[in-house]
Structure formats: C-alpha cells, structure tokens
Amino acid sequence: MVARGEIARFWSLESLHMVSSDGGTESSALVDDNGSEEDFSYEELCQANPRYLQPGGEQLAINELISDGSVVCAEALWDHVTMDDQELGFKAGDVIQVLEASNKDWWWGRNEDKEAWFPASFVRLRVNQEELSGNSSSTPGEEQEEDASTSRHKHSENKHQMRTNVIQEIMNTERVYIKHLKDICEGYIRQCRKHTGMFTVAQLATIFGNIEDIYKFQRKFLKDLEKQYNKEEPHLSEIGSCFLQHQEGFAIYSEYCNNHPGACVELSNLMKQGKYRHFFEACRLLQQMIDIALDGFLLTPVQKICKYPLQLAELLKYTTQEHSDYNNIKAAYEAMKNVACLINERKRKLESIDKIARWQVSIVGWEGLDILDRSSELIHSGELTKITKQGKSQQRTFFLFDHQLVSCKKDLLRRDMLYYKGRMDMDEMELVDVEDGRDKDWNLSLRNAFKLVSRTTDEVHLFCAKKQEDKAKWLQACADERRRVQEDQEMGMEISENQKKLAMLNAQKAGHGKSKGYSGCPVAPPHQSLHPLHQRHITVPTSIPQQQVFALAEPKRKPSLFWHTFHKLTPFRK
C-alpha cells in the first residue's frame, strides 16, 4: 500500500516520464542560455516507491489509493465538451473525483451527481489529496485533550508541508516539461529538417508552430524559478515574482494554441502513410523518449499553460497572508488565469465545432441548415417535457447551442438513436420563469416549468423539468447562452467558414457507412471491459547505430520487395 507522504511526492512528478523499461535511470540535462548544464537525476527528482514510476504506474497508484478508501480528486485543465451520456462534461477548474484510472487515456469519475468517462489528459491531479478525506484522524475526545498551542503548532506544520508539496510539484513538473520540450526540438524538429524530401518548411511550421520559441522562453523562466527556490526550506520559497516578471512572455502560448488544431490535422494526414509513422517512431527511439505519440507531446504546451493557474491557486491556498510571497502569488494567479482563459476559450470553440458536426451527422432525419451555420458550442442538454396548447405532453431531448435550441426524440428501442424534431431561434426568444401551481394562460397545473416566448410573434413554448434542480440548470443555461453570444460579439470570436466546412466534411466521412447513433467524440471505452494497463517501451542506448534504431522502430511484417526498396531509402541512413 502507498504511504500518504509518498503520494504527495508522487503527484508532483507526473509519472516521471524519464524511467527506462528495465527500471534503470536517466538524467535530463537542462541547458541554460549560457550553455551550462544542470543535471536533475532520477534520484533527486523522486524519493517515492520506484514501482509507481514505471510506465502505467500513475494508474496503479491512483487505484490503490481508491481501493484503500481514499478520495482522489483532479481539477479540469480546460472545458470538456461532450454530447455523450457516457462522457463527463466539465468546465475548466471543476473538481472531478477519480473513481477508476485503470485505463491510461480515459478515467472514470464523478462530477456533481453524474458518473462517466473523462479524458485523463484534460485534468491535473491535486497535490495534497489527503486533506480531502480529512486533515485529522483524531477523535473529538482526543482533540479536546490537546492544548490550543499544540494544535496550532500542528496546523502550522501541516500547512508548511502542504505548501512544500505544491512548490515541489511546480519545480519538478517544470523540469520534466523542459525535458519534453528539449526532446521535441532535438528529437523531432532537428531530424525533420534533415529530410527536405519528406517535409516542407510550411509543413514543419504547421506541425510544430513556435514550440522552439516556447522552449527558449521556458528555459529562462526555469532558470529564474530555480534562483527563487529554497532547497532547505521549500515552503519559504518566493516564486510569485518569477511569474509576474515573465507575465508578458507567456503570451507566446497564444500563437501555439491557436495553431494546435491545424497541427493535429496536418500530423493526422501524414500519419496515414507508413513511412511517416515509421520515421516519427525512429525519432522517438533515437531521442530515448517515453512511449507517447508525437501528437501527445505536442499537446503538452497547451496542458502546461492551463495548469499554471491551478497550481498557483493551490499554492495560494497554503500561503498565509503574512507570508512574504502572498501578494505576488495572488497577482500571479490572476495573471495566469487570464492567459489560460483566453486559450481555453479558443480551444473549446474549435473542439466544439468538430463534435457538433459529428453529433449532427448522427441525428436521423436532420432538416434545414447545418447547426454550424449559426452555432459553435453546446451550452446544455437534457430531457424536458414539452406541453402543447391542447395539454398533450411530449418527452424530448433538448440541446441548447448558442443561438439555437434543438429538439430530438429518442428511439423507443435504441435509446442512443435520436430523431430530429425541430429547433427554435434563441435570438428571438425571451425566457419566462413559471411558478409552481395553476397557469392561467394554459389552464394547467404545472411544476418545474418555464416558457420561451417569441418577441416577434405570439408563439409560446412551455417546458417542464423532472426536478427543481433540473429546471434551475436550464434557467442558468439559457442565461449563459445569452451572455456567451454577447461576449462572442464583443470579442469578435468567430469560426471561419472553411473551418466549419472542414468539420462537417470530416464528420460525414467518419459517419459514412455506419449506423446512425448519438455519440460523442472521441469514444470512451466501455466501463466493464477495462483492465489495468502496464505499458512498456523500448529505451535504446545512444551507442546503438541509427540504422539499428530504425530497424527497432519498424513494424514486424513479412519481407517484401517494397520494404527491401524502402530500406535503401531509410531516412536515418548515413
């Protein structure tokens, strides 16, 4: 079983992606701007049980904590937009209780009153997990026996340790992040530039964006962060000024994050060809990088910029107002939150249109314009009972987008299949809350009801929710829809027509030949079929010739004339 003291240390390492498959260790050399190197060895970075630092060890550690009765919580890095009942939707900063983490990509968790799948890459595990299940195991009688001064002393020591945990997470994740950036620049970009026959300058600019500039900036940031880190007493470290000093520099991430969706498309197209899959795998092996695909590495800057405000928020929680770094940490948190919010907004919009397009393709009997013609995000969805003037009730599933409310009916046998029933223009509607009791206009006794009334005609739509809290969510969602429409207009936030057309085209290709059904994207695995994953990857000594590394990266297949010819043209051949 994992000791709690070890776990707090474990969270800070993000699975320490610098461990070889045979349990050996590597050191990552971080080169500063003066060319000097500072080595952070495996032993220095972690004192926890090495078993949990093997690939897949993070899932094992989390599941052991859960089975031990501990509460494990994660915080959302950014919004997760979903239209699938089997997926957990959330907003950036939301807290999700992790219930199972056997799968490396999708975890099972609870948010408010719902349990479902969510992508593991969208969250950050909290450092100080133990306080969530109670800061003290003493009984009330024991607490009364302790004098006030001893209690205050213990509380002070506990808060110092909590702050130490967060500080160390910030420092260690920064070092690991630099290692990832270095590997991308030296392991991928440098090799790609050698092979002009495979990559154009424009392709490399699309795939990697300005990640080299980010690497240069982050090296300077880490160098200043190390100067402010108090190794003897980490809880006394004053790192807030570093974030404020480099505040303007973090704007460099905006360009990268805006470019990232295009990078994913370009990389996906290349990966359809075997020679590119072969090439990128050889790059990874030569650089001795962990077993993560290139698209996973390219996501790390987006994750990193959205992780800073969560880390600073937790640090602020354990920083007393008397602490010399309190004001700087508070200001740094607000600054980094603003940076992350803009990036999250853009990312959410671009991801939304892809999922909305796939959702529309799955709807049976869709009529009229594409949903993307006017809308770019899903605000809320759920079941409501629609009441007609004749007093008839219709059970429908409603999807509230910006500008539109779409009505669908579930298939009686296949509950995952939806039929299109109509839509309403929210720009023309006014929301009216209806009190419980008899409604004079409809001459009906109503509970949990609200109306949408047209501003230009006498059209009125009456809806009833099952529970009071469901109604409250719909009322809030309608208010959010109007606010977001206004914000988008003020910010000039628009999705280009080309991006919308591409999203619909991709959705139609993906749905061609498949039975229509209501599902999100990507598809989460079924909960019942999960088994713990113990992934291993090859770590190759630098002394092995590049030709042999290329052979290791090659998929196992029968000899053929094609592969004989391909070997002669091997990209890494000297």
Side-chain angles (χ1 to χ4, degrees), residues 76 78-83 89-94 112 337-338 340-353 355-357 359-360 368-387 396-408 420-436 439 441 446 448-497 499-500:
W78 49 69
D79 296 355
H80 180 221
V81 180
T82 180
M83 298 180 184
F90 45 72
K91 303 291 184 186
D94 282 358
E112 296 178 344
K337 186 172 68 171
N338 291 336
C341 279
L342 290 174
I343 290 168
N344 178 58
E345 183 71 14
R346 178 69 179 174
K347 183 178 184 299
R348 179 171 57 80
K349 286 280 187 183
L350 291 172
E351 286 186 345
S352 288
I353 65 170
K355 295 189 177 185
I356 289 172
W359 170 83
Q360 180 186 315
L369 297 172
D370 290 336
I371 192 73
L372 291 179
D373 186 67
R374 297 188 61 206
S375 303
S376 61
E377 66 176 310
L378 174 70
I379 310 294
H380 188 61
S381 64
E383 292 190 355
L384 290 169
T385 301
K386 184 179 180 182
I387 312 295
R396 297 285 184 263
T397 302
F398 288 90
F399 297 85
L400 178 61
F401 299 89
D402 51 317
H403 302 289
Q404 301 177 77
L405 178 67
V406 178
S407 171
C408 296
Y420 178 81
K421 287 298 175 183
R423 67 180 111 182
M424 300 171 206
D425 186 345
M426 293 301 291
D427 294 344
E428 298 295 324
M429 296 294 173
E430 182 177 346
L431 178 68
V432 178
D433 190 2
V434 178
E435 294 183 1
D436 289 352
D439 184 85
D441 297 332
L446 303 172
N448 309 322
F450 63 91
K451 295 177 183 176
L452 289 176
V453 182
S454 173
R455 294 189 179 93
T456 56
T457 66
D458 58 355
E459 189 179 16
V460 179
H461 302 275
L462 177 63
F463 306 93
C464 290
K466 289 183 179 179
K467 297 182 289 187
Q468 182 64 33
E469 49 264 38
D470 293 336
K471 172 187 172 179
K473 288 179 181 178
W474 275 103
L475 294 180
Q476 183 60 51
C478 290
D480 290 342
E481 184 270 337
R482 289 292 86 193
R483 176 179 54 80
R484 292 189 190 183
V485 166
Q486 184 177 352
E487 287 176 353
D488 286 350
Q489 291 173 346
E490 293 172 352
M491 294 170 60
M493 179 73 72
E494 289 185 4
I495 305 297
S496 70
E497 291 301 316
Q499 286 173 315
K500 292 178 180 179

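Computed over heavy atoms, backbone and side chain alike; hydrogens, waters and symmetry mates excluded.
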Acceptor/donor pairs from residues 452-460 side chains to any protein atom, 3.5 angstrom cut, sequence neighbours excluded:
unit_1 : atom_1 : unit_2 : atom_2 : d
Ser454 : OG     : Thr456 : N      : 3.3
Ser454 : OG     : Thr456 : OG1    : 3.4
Ser454 : OG     : Thr457 : N      : 3.1
Ser454 : OG     : Thr457 : OG1    : 3.1
Arg455 : NH1    : Asp427 : O      : 3.0
Arg455 : NH1    : Met429 : O      : 2.9
Arg455 : NH2    : Met429 : O      : 3.2
Thr457 : OG1    : Glu459 : N      : 3.2
Glu459 : OE2    : His461 : NE2    : 3.0

Query raised in the report: Can you find a heavy atom in the side chain of Ser381 that is under 4.5 Å from one in the side chain of Leu400?
Result: no

Query - Non-neighbouring partners of Cys408 that pass side-chain contact (heavy atoms from CB on, under 4.5 Å), sequence neighbours left out - result: Trp359, Ile363, Phe399, Val406, Leu418

Query - Atom of Cys464, atom of Ile387 and distance for their closest heavy-atom approach - result: SG-CG1, 4.2 Å

Requested in this report: Taking all heavy atoms of Arg484 and all of Glu377, pick out the closest pair and write down the distance.
Outcome: NH1-OE1, 2.8 Å

Query raised in the report: Asp94 versus His80: any side-chain heavy-atom pair under 4.5 Å?
Result: no

Query raised in the report: Mind checking what makes ring pair (Phe, Tyr, Trp, His ring centres under 6.0 Å) contact with His403, not counting sequence neighbours?
Result: none

Query raised in the report: Any sub-3.5 Å donor-acceptor pair from Ser375's side-chain atoms to Phe401's backbone N or O?
Result: no

Report task. For Ile356 and Ser376, run side chain to side chain contact (heavy atoms under 4.5 Å, CB included): C-alpha distance rounded to whole Å, both residues' side-chain angles, the deciding distance at 0.1 Å, then the answer. Result -> CA-CA 8 Å; Ile356 289 172; Ser376 61; 5.6 Å; no

Query raised in the report: Partners of Asp480 by side-chain hydrogen bond (donor to acceptor under 3.5 Å, both in side chains), sequence neighbours excluded?
Result: Gln476, Arg483

Report summary line: salt bridge (Lys or Arg N to Asp or Glu O under 4.0 Å) filter on Lys421, not counting sequence neighbours, yields none

Report task. Working to the nearest 0.5 Å, report the span between CZ of Phe450 and CG of Leu431. Result -> 7.0 Å

Report summary line: Sorted by chain and number, sequence neighbours left out, salt bridge (Lys or Arg N to Asp or Glu O under 4.0 Å) with Arg396 holds for none

**Report entry** side chain to side chain contact (heavy atoms under 4.5 Å, CB included) assessment of Asp436 paired with Gln468
**Finding:** CA-CA 10 Å; Asp436 289 352; Gln468 182 64 33; 4.3 Å; yes

Query raised in the report: Rounded to the nearest 0.5 Å, how far does CG of Leu378 lie from CD of Gln404?
Result: 12.0 Å

Query - Set of side-chain hydrogen bond (donor to acceptor under 3.5 Å, both in side chains) partners for Asp370, sequence neighbours left out - result: Gln360

Query raised in the report: Which pair of heavy atoms, one from Asp433 and one from Ala449, lies closest together, and at what distance?
Result: OD1-O, 3.7 Å

Query raised in the report: In terms of ring plane angle, is the pair Trp474 and His380 parallel, tilted or perpendicular, where the classes change at 30° and 60°?
Result: perpendicular

Report summary line: Residue set satisfying salt bridge (Lys or Arg N to Asp or Glu O under 4.0 Å) with Lys466, at least two apart, ordered chain then number -> Glu383

Query - Rounded distance (nearest 0.5 Å) linking atom CZ of Arg482 with atom CD1 of Ile379 - result: 9.5 Å

Query raised in the report: With Phe398, which residues qualify under ring pair (Phe, Tyr, Trp, His ring centres under 6.0 Å), at least two apart?
Result: Phe463

Query - Set of residues satisfying side-chain hydrogen bond (donor to acceptor under 3.5 Å, both in side chains) with respect to Lys500, sequence neighbours excluded - result: none

Report task. Quick one: list whatever passes side-chain contact (heavy atoms from CB on, under 4.5 Å) with Ala465, sequence neighbours left out. Result -> Leu384, Asn448, Asp470, Lys471

Report task. Only counting residues at least two apart or in another chain, list the ones meeting side-chain contact (heavy atoms from CB on, under 4.5 Å) with Asp439. Result -> Val434, Asp441, Trp442, Leu446, Lys451

